[in-house]
Amino acid sequence: MRIDKFLKVSRILKRRTVAREAADAGKISVNGKEVKPAYRLKIGDEVEITFASGALRFRVLELKETVKKDDAASLYEVIP
């Protein structure tokens, strides 16, 4: 699954266009490497997103095309 779609489906970012813009700006890295919006995520990848107020690191646990709002957090695990 593309990283921009995963960020939208998991509700980490609200819209896919926002995820695409963040990746184009170099604010998303997977396993320590900066990635483009079309990067194919795999289960077990460690993703870091840099925001103005800090950063969010998480590990991908599941890849699903659609999930309910209540189940979105089960797709990833936050890494402190």
Side-chain angles (χ1 to χ4, degrees):
M1 174 182 290
R2 291 170 55 115
I3 188 146
D4 57 347
K5 183 168 184 180
F6 178 82
L7 292 171
K8 178 204 173 281
V9 169
S10 64
R11 291 169 173 79
I12 292 172
L13 294 176
K14 193 166 180 102
R15 292 187 314 273
R16 195 166 172 179
T17 53
V18 173
R20 188 169 53 243
E21 290 166 2
D24 286 338
K27 296 182 181 202
I28 301 176
S29 62
V30 177
N31 299 325
K33 293 194 307 191
E34 204 174 281
V35 296
K36 296 289 182 195
Y39 179 84
R40 291 277 173 192
L41 269 183
K42 296 173 277 315
I43 293 173
D45 281 346
E46 290 188 12
V47 181
E48 184 170 0
I49 305 173
T50 308
F51 298 102
S53 60
L56 170 67
R57 288 184 46 162
F58 62 91
R59 183 176 296 113
V60 178
L61 299 178
E62 268 187 281
L63 297 173
K64 291 185 178 178
E65 292 295 317
T66 59
V67 292
K68 292 187 162 108
K69 183 178 170 184
D70 298 336
D71 299 331
S74 69
L75 298 178
Y76 61 92
E77 166 189 47
V78 176
I79 303 169

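Computed over heavy atoms, backbone and side chain alike; hydrogens, waters and symmetry mates excluded. Keep in mind that what you see is a predicted model, and the values were worked out from it rather than measured.
- Atom-to-atom distance recorded for L56:CG and K27:NZ is 14.0 Å, nearest 0.5 angstrom.
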List, one per line, each side-chain donor-acceptor pair under 3.5 Å for residues 3-21, sequence neighbours excluded.
unit_1, atom_1, unit_2, atom_2, d
D4, OD1, R2, NE, 3.1
D4, OD2, R2, NH2, 3.1
D4, OD2, R16, NE, 3.4
K5, NZ, E65, OE1, 2.5
S10, OG, F6, O, 2.8
S10, OG, L7, O, 3.4
R11, NH1, V9, O, 3.2
R11, NH1, V67, O, 3.4

*asked:* For a side-chain contact (heavy atoms from CB on, under 4.5 Å) check, start with the C-alpha distance between L41 and V47, then their side-chain angles and the critical distance, and finish with the verdict.
replied: CA-CA 9 Å; L41 269 183; V47 181; 3.9 Å; yes
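- Note on F58: it clusters hydrophobically with I43, by side-chain heavy-atom contacts below 4.5 Å among ILVMFWY residues.
- Linking ILVMFWY residues whenever their side-chain heavy atoms come closer than 4.5 Å, directly or via other members, places I28 and F51 in the same cluster.
- Screening residues 67-80 for side chain to side chain donor-acceptor pair (under 3.5 Å), with sequence neighbours left out, gives R59-E77.
- For K36, the NZ atom sits in a loose shell: 12 or fewer heavy atoms of surrounding residues, nucleotides or ligands are nearer than 6.0 Å.
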